[in-house]
Amino acid sequence: MPHGYITTAEQAGPYVAALAACPVLGVDIETTGLDAHRHRVRLLSVAAPDGRTAVFDLQTVPVAALALLSQVPWIAFNAQFEWRHLTHAGFKVPLLHDAMLMDRLISHQLRPLAAVAADVLGIALDKSLQRSDWAGPLSREQLDYAAADALAAVRIGSALLEQVNQHQQGRLYRLWRDAAAVLAELSLRGHCIDWDAHSILQAAWQSEADELQVQLKDAMSGVNLNSGPQIGAWLTQHLPESRIEIWPRTDSGRLKTDAETLALSADLPGAQQLLRYKTVTKLLGTYGNGYAKHRHPITDRLHPDFSIGFTRTGRIAASRPNTQNPPRQAAFRQLFVPSAGRVMIGADFSQIELRVAALLSRDRAMIRAYQQGRDLHRLTAAAIADVAPDAVTKEQRQAAKAVNFGNLYGQGAKGLARTAWTSYGVCMTEQEARQALTRFAKAYPALTVWKREQVKAAQDRGQVCTKLGLIRDFDVQGTGYLAGEAVNVPVQGSAAEIMLETLARLPQMLARTGATLSHSVHDEIVIEAEADDDEAAAALADAMRAGMRAVFPEAEALGLAGADLVDVKRGQNWAEVH
DNA sequence: GATCAACGCGCG
DNA sequence: AAAGCGCGCGTTGATC
């Protein structure tokens, strides 16, 4: 039950004064919808650690009357939501704790508020009013519900803040908390898209898809080209039984119909058109209409959600739409443009996961390569082919890239031979792949030992962790295959921590320049700035190197955080700065 | 009509 | 016995 339901600025005064004297406040909002640009914050519920609560009706209480509340830190649950809505409503959001992230780091799972409240506080939270009508007259039950969530947030947060430290997760928690605010800001600001060019591209894809469908009328009449099972049936009809018998199968036993497998039937009439059709319809669905339907009616931008703590490695995930996987083709990347009158600056971490692997394993050969500014792929190629680095051919270097990256993921000989061909255009027999892996292991002995230790940790202790201590649990009954994740989680996860450290310090480092974050994709950051802003470009590179040093302080002395760590480009759109 | 699993594919 | 990691999302087809 709320101790106060406040509907005027005059009423707010004493409550605000009393609450602002608390060391920390639980906050929760009720909104008329999920979209901060379109929907309104109806209620701001605030709870003190001692249990006093106040529910402010923002329909009538001006935000200015609540300014004092921003003098103390807040605790929310899934704080990005509060950050976006309250910032948009005109609040100066203070240091904002997120009890959801605290719980994620302690329980190793992302759980809804009710589940955490049950676990941590031993209380049952009734969430049935969550999606009730928050625009009209409010019932007593709705006010109680609103106050209860704020109270739960402050109680859970206060309890878990201590536990986070006890679990050695304080550092990582603060990083997630700070990065979350930056991502909330990015989501609220959104991506600027050249929609005219987008429609033209979409139309071009559409007409190509139509054309291909006509061309395939004869060869594949009656087959739904979007249906794997139907294409499988068509293959069964048109290929000799001997080939169907050895055709690769899906987990459920059906014929595989992905592009790589379909290449096996390149001789069939229509096969080429079918492959192209699949590509074009993917673009059309996911990046044509898939993007258009998220075009914001007010801002005319894309406003994806960026989540922290959702992934198993600590990477950021983007959704609705996922703007972390747009096609690389320039025709599409150039749709991402800066705001009017500004320019884009993009920078990516060079070979960040290989550098991380070098730092985690302390492999001297790898570290020396980066120290001396040498090309690690070339070095690996030399080791594999048993030639001098200078004698390495282009094709050998391509093969080495496949080996280097595959090794970060626990890839075997068969998989290496496959990806060498499909991703790097290099033909490698399984035998050659096996030898390459052996020679790689010999060339980087410390990395090999480290990888073995990770697998052992996964098997014996049931967990591995990243540099800053994010724990990945494994359900090990007997002998599951863990080589892949056991090695990859620390590598991918520590690289993600470098990105988060960079994002967390970016606003401050860009503040003087007026430049703003425009996008981030795992190892790449894009900002927009005033034209010809050298200072912004330098600040971006500085922030990225600082991010690296924050996670790996030793990187500096080892020569892995030098100027070649980041590659900065400037241009008028994402295609030009990528 | 809504929901879900399976599959395939875009990215790092 | 062998197995490359991490995501989000569109479509199909089965199910309730």
Side-chain angles (χ1 to χ4, degrees), chain A residues 223-233 248-262 275 277-291 293-294 304-308 310-329 332-333 348-354 356-357 402-420 422-423 430 433 437 451 454-455 458 464 466 470 472 479-496 499 519-525 574 578:
Chain A
V223 178
N224 180 343
L225 302 174
N226 302 316
S227 165
Q230 290 187 37
I231 291 174
R249 304 280 171 152
T250 68
D251 287 344
S252 65
R254 297 195 320 217
L255 299 189
K256 277 177 76 80
T257 57
D258 61 296
E260 191 188 336
T261 308
L262 282 177
L275 286 173
Y277 177 85
K278 286 166 74 76
T279 301
V280 174
T281 50
K282 167 76 173 178
L283 295 171
L284 217 36
T286 305
Y287 305 104
N289 194 43
Y291 267 39
K293 74 182 185 195
H294 287 105
D305 285 337
F306 295 96
S307 63
I308 291 187
F310 176 79
T311 64
R312 287 183 280 199
T313 56
R315 267 191 175 189
I316 298 161
S319 63
R320 290 177 300 151
N322 177 4
T323 57
Q324 288 194 142
N325 71 345
R328 297 171 56 106
Q329 53 182 273
F332 195 83
R333 292 280 169 122
D348 67 324
F349 287 106
S350 162
Q351 301 181 357
I352 189 63
E353 293 196 347
L354 285 168
V356 165
V403 179
N404 279 338
F405 290 124
N407 260 283
L408 302 182
Y409 309 141
Q411 193 169 49
K414 193 176 243 171
L416 173 58
R418 193 179 65 243
T419 55
T422 60
S423 303
E430 205 177 317
L437 290 174
K451 283 166 62 179
Q454 298 311 299
V455 177
V464 296
T466 63
L470 178 65
R472 162 82 173 113
T479 54
Y481 174 76
L482 303 169
E485 265 190 280
V487 173
N488 185 243
V489 165
V491 175
Q492 189 183 107
S494 305
M499 172 56 82
H519 206 1
S520 108
V521 187
H522 306 311
D523 68 348
E524 175 184 12
I525 294 180
W574 195 2
H578 185 58

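Throughout, protein chains are lettered first and strands after them, A, B, ... in sequence-line order, and every chain is numbered starting at 1.
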Review point. How would you list, by chain and number, every residue that makes a ring-ring contact (aromatic ring centres under 6.0 Å, His included) with A:Tyr409, sequence neighbours excluded?
Key: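 A:Tyr409 satisfies ring-ring contact (aromatic ring centres under 6.0 Å, His included) with no other residue.
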Practice item. Would you indicate what A:Ala318 reaches in the nucleic acid, counting non-hydrogen atoms under 4.0 angstrom: base, sugar-phosphate, or nothing? Key: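 Sugar-phosphate contact only.
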Exercise for review: Just call it for A:Asn224: base, sugar-phosphate, or nothing, with non-hydrogen atoms closer than 4.0 Å on any strand.
Suggested key: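 If one applies the 4.0 Å heavy-atom cut-off, A:Asn224 turns out to touch the sugar-phosphate alone, with no base involved.
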Check your understanding: For C:dG10, does OP1 or OP2 lie under 4.0 Å from any side-chain N or O of A:Asn289?
Key ->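 Checking C:dG10 against A:Asn289, no side-chain N or O comes under 4.0 Å of OP1 or OP2.
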Check your understanding: OP1, OP2 of C:dC5 versus side-chain N and O of A:Arg312: anything below 4.0 Å?
Key ->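 For A:Arg312, the contact criterion (side-chain N or O under 4.0 Å from OP1 or OP2 of C:dC5) is not met.
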Practice item. Would you please name every residue forming a side-chain contact (heavy atoms from CB on, under 4.5 Å) with A:His578, sequence neighbours left out? Key: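 Once residues adjacent in sequence are excluded, the partners of A:His578 under the side-chain contact (heavy atoms from CB on, under 4.5 Å) criterion are A:Arg328, A:Arg333, A:Glu524, A:Trp574.
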Practice item. Not counting sequence neighbours, which residues clear side-chain contact (heavy atoms from CB on, under 4.5 Å) with A:Ser423? List them please. Key: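 Residues passing side-chain contact (heavy atoms from CB on, under 4.5 Å) with A:Ser423: A:Thr419.
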Check your understanding: Could you run down nucleotides 5-12 of chain B 5' to 3' and tag each one B, S or - for protein heavy-atom contact under 4.0 Å?
Key -> -SSBBBSB
Point to revise | For DNA chain C, stems built from three or more consecutive Watson-Crick or G-U wobble pairs below 3.5 Å | key: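 If one scans DNA chain C for consecutive Watson-Crick or G-U pairs, the stems found are B:1-12 with C:5-16.
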Check your understanding: So, do A:Leu283 and A:Gln329 sit near enough that their side-chain heavy atoms are less than 4.5 Å apart?
Key ->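 In short, these two side chains touch, coming nearer than 4.5 Å.
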Within the sub-3.5 Å range, which N or O atoms of nucleotides 14-16 of chain C have a protein N or O partner, and how far apart are they?
none

Check your understanding: If you take all heavy atoms of A:Asn322 and A:Tyr291, which pair is closest and at what distance?
Key ->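 Smallest heavy-atom distance, with atoms named: O-OH, 3.7 Å.
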Point to revise | Nucleotide C:dC9, atom P - distance to NZ of A:Lys293 in whole Å | key: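 Distance check: A:Lys293 NZ to C:dC9 P gives 9 Å.
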Check your understanding: When the distance from CD1 of A:Ile231 to P of C:dT11 is rounded to whole Å, what number comes out?
Key ->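 So the two atoms are 15 Å apart, to the nearest Å.
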